[in-house]
Amino acid sequence: MGEAPAISVDHLENGHSNGVYVKSEPKNIEISVEIGDRTFMIGGNHERNNFSIGVQIHDKNSNNWFSPIVLGTGPKPSQGYSAFVLEQGRILVIKKGSPRNESIWFLEVDSPYVREQKKLLRKEVVAWSKGVRGNAEKPIVISGPSGVGKGTLISMLMKEFPSMFGFSVSHTTRSPRSMERDGVHYHFADKKVMEKEIKDGKFLEFASVHGNLYGTSIESVEAVTDSGKRCILDIDVQGARSVRASSLDAIFIFVCPPSMKELEDRLRARGTETEEQIQKRLRNAEAEIKEGISSGIFGLILYNDNLEECYKKLKVNRLLLIAQNVVMF
Ligand SMILES: Nc1ncnc2c1ncn2[C@@H]1O[C@H](COP(=O)(O)OP(=O)(O)OP(=O)(O)O)[C@@H](O)[C@H]1O
Ligand SMILES: Nc1nc2c(ncn2[C@@H]2O[C@H](COP(=O)(O)O)[C@@H](O)[C@H]2O)c(=O)[nH]1
């Protein structure tokens with residue numbers, strides 16, 4: 001869901017606000033936050049559930065109260081909250097008297113994600129997400145055959161949620177493509193040097209893919225998690241299998257093409273491989289798709305037919321995964 005920057009509770013609880021609008025009533029179990037013509041009442045248990053506090057909205061123009069659909073899991077009822085209006089249609093809610101890892105929450109009331117959900121559900125929607133305080137959340141491993149659109153989907157996710165996701169920059173021994181920059185798209189590596197680093201235990205996983213060596217260094221994953229972002233790994237199925245067997249607790253997503261013909265067309269249209277390399281990638285794709293679907297490694301399998309639809313599914317499915325307590329973003 002919303003972006004979850006690292007935030008210091010001490011700083012906020014000592015009375016510094018962002019100066020936009022703050023109303024904190026420690027003795028009241030509900031707080032009200034005004035944004036434009038609306039007042040959000042946060043904290044009551046309107047839904048009568050003990051899992052998540054309620055949210056009600058008052059619209060000044062119509063003088064009506066209504067209960068929105070509340071996505072995600074919010075904080076459990078508490079004795080007091082503080083609220084701060086943030087940019088991008090989000091409210092920071094700090095639950096008082098809670099352990100630090102339970103104290104920071106974000107209620108998205110008009111973020112791009114919530115606007116999209118409103119359109120999809122045709123109802124008023126708000127969404128909870130939990131704050132990240134420097135602790136890395138489960139990384140996301142995205143696999144699928146070459147040319148299926150993994151990189152495209154990842155770019156869309158990173159563009160929409162720039163402060164939430166960070167890309168793990170892999171090492172590879174293949175030559176850079178014309179638009180690729182060392183250290184951004186890949187760390188382009190010498191084979192002997194990379195092999196030595198693998199031997200020295202510097203890699204979380206590595207694999208020979210389409211005739212070149214690729215690998216995820218521990219340093220690359222740490223660089224992302226240290227920045228407080230959720231790490232995304234774009235790796236092949238062999239790499240996903242290795243990560244699955246490693247100590248890294250991750251979420252695994254496999255992307256399938258609508259057909260082999262479409263995969264071939266995409267690879268050709270991308271224009272980055274020679275005919276021989278395209279043929280090799282297509283041959284490997286068949287085995288990868290079989291393994292991706294049947295191996296049981298992947299918790300979510302997406303078909304990338306229409307790009308926008310697939311991206312939507314990637315985002316909507318996270319709700320399903322949240323409900324299963326597998327992922328929260
Ligand atoms: N749903 C889609 N419909 C049509 N074209 C698409 C779709 N998704 C991605 N593409 C295009 O297909 C090509 C391959 O996409 P992309 O480079 O993202 O694949 P990839 O899975 O990351 O490949 P690789 O594993 O080789 O890095 C790109 O030109 C991209 O613009
Ligand atoms: N096992 C790993 N596979 C990786 C890694 N980085 C990328 N890849 C996969 O390689 C293919 C080809 O990529 P391309 O950039 O040459 O088109 C693609 O399917 C990637 O998922 C890695 O670190 N480890």
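Counting starts at 1 for both ligands and their atoms, following the listed order. Keep in mind the model is a prediction, meaning the values are calculated, not measured. Position 1 is the first residue of the sequence; numbering continues from there.
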Has Tyr311 got a side-chain atom pairing as donor or acceptor with Met156's backbone, closer than 3.5 angstrom?
yes
Could you find the nearest protein heavy atom to atom 26 (O) of ligand 1 and give me its residue, atom name and distance?
Ser146 OG, 2.6 Å
Any non-hydrogen atom of Arg177 lying under 4.0 Å from ligand 2?
yes
Sub-4.0 Å atoms of ligand 1 with respect to non-hydrogen atoms of Leu307
1 (N), 2 (C), 8 (N)
Go through ligand 2 atom by atom and flag the ones less than 4.0 Å from a non-hydrogen atom of Gly239.
1 (N)
Can you tell me the protein heavy atom closest to atom 22 (O) of ligand 1 and the distance?
Gly151 N, 2.8 Å
Suppose I only count heavy atoms of Arg281 and a 4.0 Å limit; which atoms of ligand 2 are within that range?
12 (C), 14 (P), 16 (O), 17 (O)
Any idea which heavy atoms bring Ala285 and Met260 closest together, and the distance?
CB-CE, 4.0 Å
State plainly whether the residues Glu34 and Lys60 are in salt-bridge range, i.e. N to O under 4.0 Å.
yes
A student checking ligand 2 against Arg270 at a 4.0 Å heavy-atom cut-off should list atoms 17 (O)
Consider only side-chain heavy atoms of I, L, V, M, F, W and Y, link residues closer than 4.5 Å, and tell whether Val237 and Phe206 are in one cluster.
no
Looking at atom 6 (N) of ligand 2, what's its closest protein heavy atom, distance included?
Ser170 OG, 3.2 Å
Below 4.0 angstrom, N of the basic side chain to O of the carboxylate: do Glu264 and Arg268 qualify?
yes
Side chain, backbone, both or neither: which applies to Asp305 and ligand 1 if a contact is any heavy-atom pair less than 4.0 Å apart?
backbone
Looking at ligand 1, is there an atom of it that comes within less than 4.0 Å of some heavy atom belonging to Pro145?
yes
Considering all heavy atoms, the nearest Arg266-Val148 contact
NH1-O, 3.0 Å
Restricting to non-hydrogen atoms, name the atom on Gly147 and the atom on Leu267 that form the minimum distance, rounded to 0.1 Å.
CA-CD2, 3.9 Å
Closest non-hydrogen protein atom to atom 8 (N) of ligand 1, residue and atom name please, with distance?
Asn304 ND2, 3.1 Å
Can you name the closest pair of heavy atoms from His187 and Val169 and give their distance?
CD2-O, 3.4 Å
Indicate whether the side chain of Arg270 and that of Thr272 have a donor and an acceptor atom separated by less than 3.5 Å.
yes
When distances are taken from atom 18 (O) of ligand 1, the protein heavy atom at minimum range is Thr152 OG1, 2.5 Å
What atoms of ligand 2 come within less than 4.0 Å of a heavy atom belonging to Asp236?
1 (N), 2 (C), 3 (N), 4 (C), 9 (C), 21 (O)
Ranked by distance from atom 21 (O) of ligand 2, the top protein heavy atom is Asp234 OD1, 2.7 Å
Using a 4.0 Å cut-off to any heavy atom of Lys150, which atoms of ligand 2 qualify?
19 (O), 21 (O)
Would you mind running through ligand 2 and noting each atom that sits below 4.0 Å from a heavy atom of Arg174?
14 (P), 15 (O), 16 (O)
For Gly147 and ligand 1, answer yes if some heavy atom of the residue is under 4.0 Å from a ligand atom, otherwise no.
yes
closest protein heavy atom to atom 19 (O) of ligand 1 is Gly149 N, 3.1 Å
Any N/O of Lys150 closer than 3.5 Å to an N/O of ligand 1?
yes
Donor-acceptor contact below 3.5 Å, side chain Thr172 vs main chain Leu213
yes
Among protein heavy atoms, which lies nearest atom 24 (P) of ligand 1, and at what distance?
Arg270 NH1, 3.5 Å
Nearest-neighbour protein heavy atom for atom 13 (C) of ligand 1, which is reported as residue plus atom name and distance
Arg266 O, 4.0 Å
Within the side chain of Lys150, is there an N or O that forms a donor-acceptor pair under 3.5 Å with the backbone of Pro145?
yes
Report yes or no: does Glu205 contribute a side-chain atom to a donor-acceptor pair with the main-chain N or O of Thr216 at less than 3.5 Å?
yes
If every non-hydrogen atom of Lys229 is compared with every non-hydrogen atom of Phe165, which pair is closest and at what distance?
CD-O, 3.6 Å
Heteroatom proximity flag, Gly144 to ligand 1, N/O under 3.5 Å:
no
Where does Glu180 meet ligand 2, judged by heavy-atom distances below 4.0 Å: at the side chain, the backbone, both, or neither?
neither
When you group the ILVMFWY residues by side-chain heavy-atom contacts below 4.5 Å and let the links chain together, are Leu233 and Ile297 in the same group?
yes
Identify the two heavy atoms, one from Gly292 and one from Ile301, that lie closest to each other, and give their separation to 0.1 Å.
O-CD1, 3.9 Å
Please indicate whether any nitrogen or oxygen in Glu205 is less than 3.5 Å from any nitrogen or oxygen in ligand 2.
yes
Asp190 side-chain N/O to Lys192 backbone N/O, donor-acceptor pair under 3.5 Å
yes
For the 3.5 Å polar cut-off, considering only N or O atoms, please tell me whether Val209 and ligand 2 meet it.
no
Numbering the atoms of ligand 2 from 1, which are under 4.0 Å from a heavy atom of Ala207?
1 (N)
Which ligand 1 atoms, with their elements, are less than 4.0 angstrom from a heavy-atom of Arg281?
26 (O)
Nearest protein heavy atom with distance in Å, relative to atom 15 (O) of ligand 2
Tyr186 OH, 2.5 Å
